[in-house]
Every structure is written in C-alpha cells, then in structure tokens.
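To keep things clear, I will list the structure first and then write my remarks on it.
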Amino acid sequence: MTHDLRPRWYSPAEVAVLLGFGISKVKMKIATGELRSIKDGKYRRILAEGVDDYIREQVDRHEAA
C-alpha cells in the first residue's frame, strides 16, 4: 500500500517558492483572480490544482502568442 504525501494545498509563501515569484506577486495574482485561492479560517490556501491551472494557462498564453 502506497500513500501519496504530496501537499493538497499551499500557502502563498510556498506558491511563491514553487513559481519562483515574490510573495507580493503571488498575493497580487490571488487578488486579480489569476491564481485561485480559498480562505481556511485566518489562512489563505492555494490548491495544488490551482497552481497547475495557473502554469497551464501561462504556457497556453505563451504558445498562442
């Protein structure tokens, strides 16, 4: 039996590291809706799928240009 221990969601700081952005850029992308996030109590979290979607949209935009 194997267990998938990958994170299901990330903090904005973790997403900044994953994407190579500063925390301010991640917060701006959340505020503009480019990066989907949810509030869990006082914490903001970005689902792993949201990070994947953001990357896919950027790749698609680049390839269309």
Side-chain angles (χ1 to χ4, degrees):
M1 177 187 233
T2 62
H3 296 282
D4 185 6
L5 297 177
R6 289 179 295 155
R8 305 283 308 238
W9 62 11
Y10 301 101
S11 70
E14 291 171 321
V15 171
V17 171
L18 286 171
L19 297 177
F21 294 165
I23 188 74
S24 297
K25 186 169 184 176
V26 170
K27 289 180 179 181
M28 187 256 323
K29 294 204 174 282
I30 290 169
T32 62
E34 289 182 76
L35 192 54
R36 290 187 348 247
S37 70
I38 60 168
K39 280 286 270 183
D40 181 34
K42 67 178 183 174
Y43 300 103
R44 175 131 336 250
R45 296 291 183 236
I46 299 100
L47 294 172
E49 294 84 18
V51 176
D52 293 340
D53 291 345
Y54 173 79
I55 293 168
R56 194 172 306 108
E57 290 168 8
Q58 295 306 307
V59 169
D60 291 347
R61 185 179 303 154
H62 182 269
E63 288 176 348

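- Ile46 belongs to a hydrophobic cluster whose other members, connected by ILVMFWY side-chain contacts under 4.5 Å either directly or through intermediates, are Tyr10, Val15, Leu18, Leu19, Phe21, Val26, Ile30, Leu35, Val51, Tyr54, Ile55, Val59.
- Partners of Arg56 according to the side chain to side chain contact (heavy atoms under 4.5 Å, CB included) rule, which considers only residues two or more places apart in sequence or in another chain, are Asp52, Asp53, Asp60.
- Not a single side chain to side chain donor-acceptor pair (under 3.5 Å) links Ser24 to another residue, sequence neighbours left out.
- For Glu34, the side chain to side chain donor-acceptor pair (under 3.5 Å) partners are Lys29, Thr32, not counting sequence neighbours.
- Pairs engaging residues 40-51 under the side chain to side chain donor-acceptor pair (under 3.5 Å) rule: Ser37-Arg44 [sequence neighbours left out].
- Across every non-hydrogen atom of Pro7 and Ala48, the tightest pair is O-CB, 4.0 Å.
- Arg6 is linked by a side chain to side chain donor-acceptor pair (under 3.5 Å) to Asp4, counting only residues two or more places apart in sequence or in another chain.
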